[in-house]
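Here the structure comes first, spelled out in structure tokens, and everything after it is commentary.
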Amino acid sequence: MSARIDGRSVEVREGESILAAARRLGVEIPTLCFAEGLRPEGGCRICLVEAGGRLLGACHTPLTNGMDVVTQSARLHALRRGLLELLLAERPAGALTPDPAGSEFERLLHAHGVQPATGAAPLPAVDDSHPFLRFDASRCIVCRRCVHACDEVQGQFVYGVVGRGAGVKLVFGADERFAHSGCVACGACVDRCPTGAIGDSDRAATDTSERRVRSTCGYCGVGCQVEIRVGGGQVLAIDGARDAAVNRGHLCVKGRYAHAWRRSPDRLTRPLLRDGEQLKPVSWDEAIGWAAGRLRELRGRFGPDALGLLTSSRSTNEAAYLLQKLFRAVLGSNNVDCCARVCHSSTAQALRTATGTGAASACYDDIEAARLLVVAGANPSEAHPVVGARIRQAALRGTPLLVIDPRRIELADQATLHLAPRPGTNVPLFQAMARWLRDSDKLDAAYLASRCEDAGPFLRGLDAVSIDAAALTTGVPRAHIERAAALLAGGPALFVTGLGLSELTQGVASVLALTNLALLSGSIGRRGAGMLPLRGQNNVQGNADMGAMPDLAPGYQPLDDPGLRARLAREWGAAPPAAPGLTLPEMFEGARAGRLRGLWIQGEDVAQSDPNQNAVLEALESLELLVVQELFLTETARRAHLVLPAAGWLEQAGTFTNAERRIQLVRPAASPPGEARPDHEIALDVAAALGAGWGRPTPAQVMDEIARVAPHLFGGVSHARLQGDGLQWPCPAADHPGTRSLHTERFTRGKARLVPVEFVPSPEHDVPGFPYTLITGRVLEHYNVGSMTRRTPNLLLVGEDFLVMHPDDAAREGLREHGGVAVESRWGAIACRLRVDARVATGTLFLSFHFPETHTNRLTGPQTDPQSHCPEYKVTAVRVRAQAQPAAAPLLAARPG
Ligand SMILES: Nc1nc2c(c(=O)[nH]1)N[C@H]1C(S)=C(S)[C@@H](COP(=O)(O)OP(=O)(O)OC[C@H]3O[C@@H](n4cnc5c(=O)[nH]c(N)nc54)[C@H](O)[C@@H]3O)O[C@H]1N2
Ligand SMILES: Nc1nc2c(c(=O)[nH]1)N[C@H]1C(S)=C(S)[C@@H](COP(=O)(O)OP(=O)(O)OC[C@H]3O[C@@H](n4cnc5c(=O)[nH]c(N)nc54)[C@H](O)[C@@H]3O)O[C@H]1N2
Ligand SMILES: [Mo]
């Protein structure tokens with residue numbers, strides 16, 4: 001089947017529009033209401049073409065066999081010109097002009113010889129109420145591209161068009177101001193606006209950049225590809241990379257806009273060495289020499305086990321690899337851990353137990369291919385916004401969505417069913433669903449027989465599970481539990497999970513119980529299905545992959561594995577001790593007990609982010625040596641003996657690994673400020689000072705070494721192969737394409753295991769005198785300890801941590817919106833302000849931890865999951881009372897060293 005476009009033969013593809021076929025040939029047809037990737041509306045008529053004497057809208061008319069299309073003719077030119085003249089005439093004079101270097105619309109005006117409009121309608125004021133987006137109504141031609149982008153990419157439905165004829169106009173929400181609309185500042189509309197009516201406030205209308213650097217976003221674990229506009233040695237603006245598999249041009253408010261931290265006057269620019277109460281600037285030579293001397297001395301006095309390392313999940317694979325190698329090979333300590341411990345360690349451990357690999361089995365492309373989406377204990381609209389938008393779009397297109405979260409998160413609005421279990425009761429909920437599947441004979445028996453170890457004991461064990469008892473424990477009505485199980489009964493599902501499963505004393509058990517449901521429904525190893533834990537930090541997956549774990553070497557190799565030891569002896573000169581080291585909570589415990597004397601922390605603000613803050617501070621104060629490699633003088637860095645200024649993600653080279661095991665390149669766009677250095681260089685400096693003899697390998701050479709040390713996962717990975725969309729591990733050989741989904745033929749461990757689990761209530765459940773259950777977590781605009789996002793205009797969007805309470809509870813307690821509250825747990829007390837919102841259930845509260853002055857982690861307790869040692873951030877028994885003086889929410893005060 002073929003057709004012709006402008007005399008050229010073109011293959012006809014089922015359902016393809018004339019416009020898409022023409023673009024395939026490189027033939028440009030102008031469009032206004034239509035933009036690539038959006039649903040064609042066919043409203044503006046600028047894309048009219050001729051075929052067989054008829055006029056057809058190219059954006060929505062399919063190309064059919066034998067069609068002979070003409071895209072350029074005198075008649076079409078005149079028609080388009082007429083349409084453009086009409087559109088221009090409706091705008092105030094001077095707002096838009098025919099300009100060969102102007103906006104897409106202005107270039108069309110120029111190309112069609114349209115004359116500038118005359119007349120003197122007043123120019124409406126520009127809406128610049130939002131810190132990142134501005135709307136210039138005088139330039140708006142109401143083409144509705146923004147409406148489509150907002151609805152079909154982000155799913156926020158901010159825009160509407162009201163009025164008719166000359167009175168037609170674009171509105172945002174109810175009161176027509178950006179700042180008060182539901183806009184989440186993803187910028188999808190800006191990217192498609194053809195006139196510049198909707199613009200970014202953080203950049204000039206005309207691009208003044210000298211070059212564009214392709215890199216990977218440094219906030220969350222989605223791993224969006226960015227194009228960084230650079231000019232005058234500075235980052236001018238960030239755009240989403242259109243061709244990227246992960247994000248297809250889409251970004252969120254942090255990735256696109258929150259880069260001002262880079263030029264913050266608070267950036268660390270020189271090494272700082274403690275002198276009594278003060279931190280004083282010193283040279284790098286002095287700093288590195290001092291650090292090496294202290295490490296050597298402490299090892300000499302107390303042995304290597306008195307030293308510990310926390311690597312940063314915000315920095316590169318290459319830096320993490322070098323730092324853990326330094327501690328293991330040069331200093332001889334396996335006390336190596338990272339923030340994965342306080343994050344998804346439960347998920348990793350559970351998946352490893354059940355399947356043999358602790359990482360996601362599925363990938364993001366499975367979202368669009370899914371038959372059923374289950375989002376459990378994750379809030380992707382805020383924490384992984386680009387993936388959240390993909391999930392929402394899938395649900396809007398009709399994919400059934402089951403949301404399991406104590407809060408009515410945004411995705412619950414699109415859900416087929418929302419279950420709101422009491423925090424910390426995942427296990428009875430999932431067990432009850434399993435029992436229903438078994439009793440209703442809705443198991444995938446063939447899958448269980450061929451892919452799993454004997455499921456018999458597990459299934460018989462479900463006899464002990466009562467759905468009615470589960471309903472009572474979880475607070476989820478029996479009918480809802482059964483409906484949720486019935487959704488799973490239809491076959492495989494994609495399970496998207498987060499910290500609501502992991503950060504619990506039943507973290508491992510929660511993930512195992514959900515994995516059991518995935519196995520019972522035949523979900524793992526199939527397309528459009530499987531386990532997709534949304535890893536948190538930009539490089540937390542990579543950090544664990546690189547061996548920042550006390551019991552595992554790079555590539556999750558047990559330290560006593562003879563093959564590994566032989567490889568390490570060759571690559572490192574010596575294999576590290578075979579006995580596992582301490583986890584992060586054990587290191588703090590060790591510090592308090594005087595067993596751990598020296599701690600090296602790369603980019604992790606444990607003083608703010610670790611639980612039971614009072615005990616953490618005590619541990620830090622017990623240390624004889626605390627070295628912190630940071631961008632800012634954080635709560636942790638302030639307490640250090642030595643602070644080393646590091647480069648951030650816009651300033652260093654290497655790789656990050658995202659939640660779908662995709663290793664992607666990070667390229668520096670600008671230089672770090674002052675004397676700040678890339679993290680991997682700092683590691684090399686210390687190694688040299690300790691006499692390691694590593695030389696000065698580049699990040700690419702470090703990756704080559706990683707490939708040799710962990711060949712089963714990374715043998716085929718090299719920087720040269722990571723251009724474009726990178727590679728998903730395992731990638732064992734240079735000609736291996738990488739692995740999209742795990743466990744497709746067989747599980748890593750052969751057959752999967754259904755692991756029986758039992759409900760153990762949290763020690764924070766039903767604590768007398770503390771009637772509320774506090775969930776802590778995140779909001780869209782800020783990132784973890786906020787050291788970066790608080791130094792951007794995101795601060796104007798959200799300027800403090802709020803305690804969120806249900807209106808009924810607030811009324812009963814006599815508390816009011818924005819009033820001050822004191823919150824107390826058994827572990828500590830804080831003060832902040834209240835927000836009243838029915839999205840939290842009665843009896844449940846929510847608080848973020850993005851501002852140091854809130855001290856959220858004074859409230860969270862010392863309990864951890866017994867297996868993963870992941871803290872229970874998600875369940876804390878608290879009481880609340882009004883506080884006469886609302887807590888001040890100071891913006892960032894410059895802190896003395
Ligand atoms: N904007 C933003 N994005 C981020 C971050 C950030 O700080 N800000 N941080 C990044 C990091 S490090 C991480 S790890 C991820 C975290 O990403 P998420 O895990 O999605 O985020 P959280 O808000 O911590 O918690 C997720 C949800 O768990 C629910 N929950 C609490 N208890 C339970 C329970 O018992 N059962 C169930 N089923 N659900 C429960 C909470 O109500 C919450 O909606 O986000 C990453 N992305
Ligand atoms: N109450 C409560 N507490 C929590 C959680 C919760 O849900 N509730 N979640 C927990 C989770 S999941 C996590 S992951 C932790 C996160 O806790 P942290 O890891 O402490 O938080 P981050 O803000 O991600 O960043 C740590 C530091 O890294 C620095 N940094 C950024 N980029 C670089 C770089 O390239 N190099 C270097 N050297 N430093 C850099 C930043 O300035 C920042 O101070 O918080 C945990 N804390
Ligand atoms: Mo995390």
Side-chain angles (χ1 to χ4, degrees), residues 218-222 252-254 261 268 310-316 319 338-344 375-385 388 403-407 409 419-426 429 496-504 506 510 514 533-540 601-611 613 628-632 634-637 644-652 678-679 682 762 773-789 840 844 846-850 856-857 859-860 870-871 873-876:
Y219 284 111
C220 79
V222 171
C252 78
V253 61
K254 294 179 297 304
W261 57 267
L268 294 166
L310 301 178
T311 57
S312 180
S313 301
R314 308 298 306 281
S315 187
T316 61
C338 71
C339 81
R341 183 68 47 205
V342 300
C343 181
H344 266 293
V375 175
N379 179 20
S381 315
E382 300 198 63
H384 300 90
V403 170
I404 305 174
D405 197 301
R407 298 187 301 151
I409 55 168
L419 306 183
R422 181 182 183 202
T425 63
N426 296 307
L429 178 65
V496 180
T497 66
L499 300 179
L501 263 52
S502 177
E503 288 180 344
L504 299 166
Q506 282 223 292
S510 291
L514 191 76
L534 295 174
R535 301 305 305 264
Q537 308 254 42
N538 52 320
N539 196 40
V540 66
I601 301 183
Q602 179 206 17
E604 200 174 329
D605 187 8
V606 292
Q608 186 179 332
S609 59
D610 273 42
Q613 196 176 86
V628 175
Q629 212 171 308
E630 251 295 348
L631 312 185
F632 296 102
T634 57
E635 295 299 302
T636 308
L644 301 174
W649 73 272
L650 292 160
E651 301 156 348
Q652 43 187 339
D679 285 301
I682 299 176
S762 160
T773 303
L774 174 72
I775 301 173
T776 61
R778 8 193 84 67
V779 301
L780 169 70
E781 293 80 1
H782 288 287
Y783 192 83
N784 289 345
V785 303
S787 56
M788 293 157 99
T789 48
V840 295
T844 303
F846 182 82
L847 177 64
S848 53
F849 65 107
H850 304 304
T856 300
N857 280 318
L859 297 171
T860 50
C870 185
Y873 289 116
K874 296 296 184 254
V875 190
T876 307

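Just follow the structure's listing: the first ligand is 1, and inside any ligand the first atom is 1.
- With sequence neighbours left out, the side-chain contact (heavy atoms from CB on, under 4.5 Å) criterion links Thr776 to Leu774, Thr856, Thr860, Tyr873.
- Considering backbone and side-chain N/O atoms, Arg778 comes within less than 3.5 Å of an N/O atom of ligand 1.
- Looking only at heavy atoms of the protein, atom 25 (O) of ligand 2 is closest to Arg314 NH1, 3.5 Å.
- Of all atoms in ligand 2, listed by their number and element, those nearer than 4.0 Å to a heavy atom of Met788 are 31 (C).
- Among the atoms of Asp610, none of the N or O lies under 3.5 angstrom from an N or O of ligand 2.
- Residue contact annotation: Glu651 has no non-hydrogen atom under 4.0 Å from ligand 2.
- Residue Pro423 approaches ligand 1 through these ligand atoms, each under 4.0 Å from one of its heavy atoms: 35 (O).
- In terms of N/O distances under 3.5 Å, ligand 1 is approached by Leu499.
- In terms of protein heavy-atom proximity, atom 2 (C) of ligand 2 is nearest to Tyr873 CD2, 3.1 Å.
- Ser510 pairs in a side chain to side chain contact (heavy atoms under 4.5 Å, CB included) with only one of the listed residues (Leu429, Thr425, Thr497, Asn426), which is Asn426.
- In terms of N/O distances under 3.5 Å, ligand 1 is approached by His782.
- Using a 4.0 Å cut-off between heavy atoms, His344 makes no contact with ligand 2 at all.
- Among all protein heavy atoms, the one lying closest to atom 41 (C) of ligand 2 is Ser787 OG, 3.3 Å.
- Residue Gln537 places no N or O, backbone or side chain, under 3.5 Å from any N or O of ligand 1.
- Residue, atom and distance of the protein heavy atom nearest to atom 5 (C) of ligand 2 are Phe849 CZ, 3.4 Å.
- Comparing Leu268, Ile601, Asp605 against atom 20 (O) of ligand 2, the shortest heavy-atom distance belongs to Asp605.
- Heavy-atom proximity to Asn379, at under 4.0 Å, picks out these atoms of ligand 1: 20 (O), 26 (C), 44 (O).
- If you look at Ser609 next to ligand 2, the close heavy atoms, those under 4.0 Å, come from the backbone and the side chain alike.
- Atom numbering of ligand 1 starts at 1 in the shown order; those under 4.0 Å from a heavy atom of Gly377 are 19 (O), 26 (C), 27 (C), 28 (O), 37 (C), 38 (N), 39 (N).
- The shortest N or O to N or O distance between Thr425 and ligand 1 is not below 3.5 Å.
- Ligand 1 has no nitrogen or oxygen under 3.5 angstrom from a nitrogen or oxygen of Ile775.
- With sequence neighbours excluded, the residues forming a side-chain contact (heavy atoms from CB on, under 4.5 Å) with Ala340 are Cys338, Arg535, Val540, listed by chain and number.
- Contacts of Thr634 with ligand 2, taken as heavy-atom pairs under 4.0 Å, involve the side chain alone.
- Note: no N/O pair closer than 3.5 Å links Cys343 and ligand 1 by distance alone.
- Ligand-side atoms of ligand 2 in range of Gly648: 35 (O), range being under 4.0 angstrom from any heavy atom.
- Taking any N or O of Ile409, backbone or side chain, none lies under 3.5 Å from an N or O belonging to ligand 1.
- Nearest to atom 15 (C) of ligand 2 by heavy-atom distance, out of Asp679, Val342, Val628, is Val342.
- Residue contacts with ligand 2 for Asn857 involve side-chain atoms from C-beta outward but no N, CA, C or O (heavy atoms, distance under 4.0 Å).
- The shortest N/O to N/O separation between Leu780 and ligand 1 falls below 3.5 Å.
- Below 4.0 Å from some heavy atom of Gly424 lie the following atoms of ligand 1, by number and element: 34 (C), 35 (O).
- Remark: ligand 1 atoms within the under-4.0 Å shell around heavy atoms of Glu382 are 1 (N), 2 (C), 3 (N).
- At least one N or O atom of Ala647 sits closer than 3.5 Å to an N or O atom of ligand 2.
- Within the structure, the closest approach of Gln652 to ligand 2 falls below 4.0 Å when heavy atoms are considered.
- At the top of the distance list for atom 21 (O) of ligand 2, counting protein heavy atoms only, stands Asn784 CB, 3.5 Å.
- The shortest N/O to N/O separation between Lys874 and ligand 1 falls below 3.5 Å.
- Of all the atoms in ligand 1, the ones that sit under 4.0 Å from a non-hydrogen atom of Gly777 are 23 (O), 24 (O).
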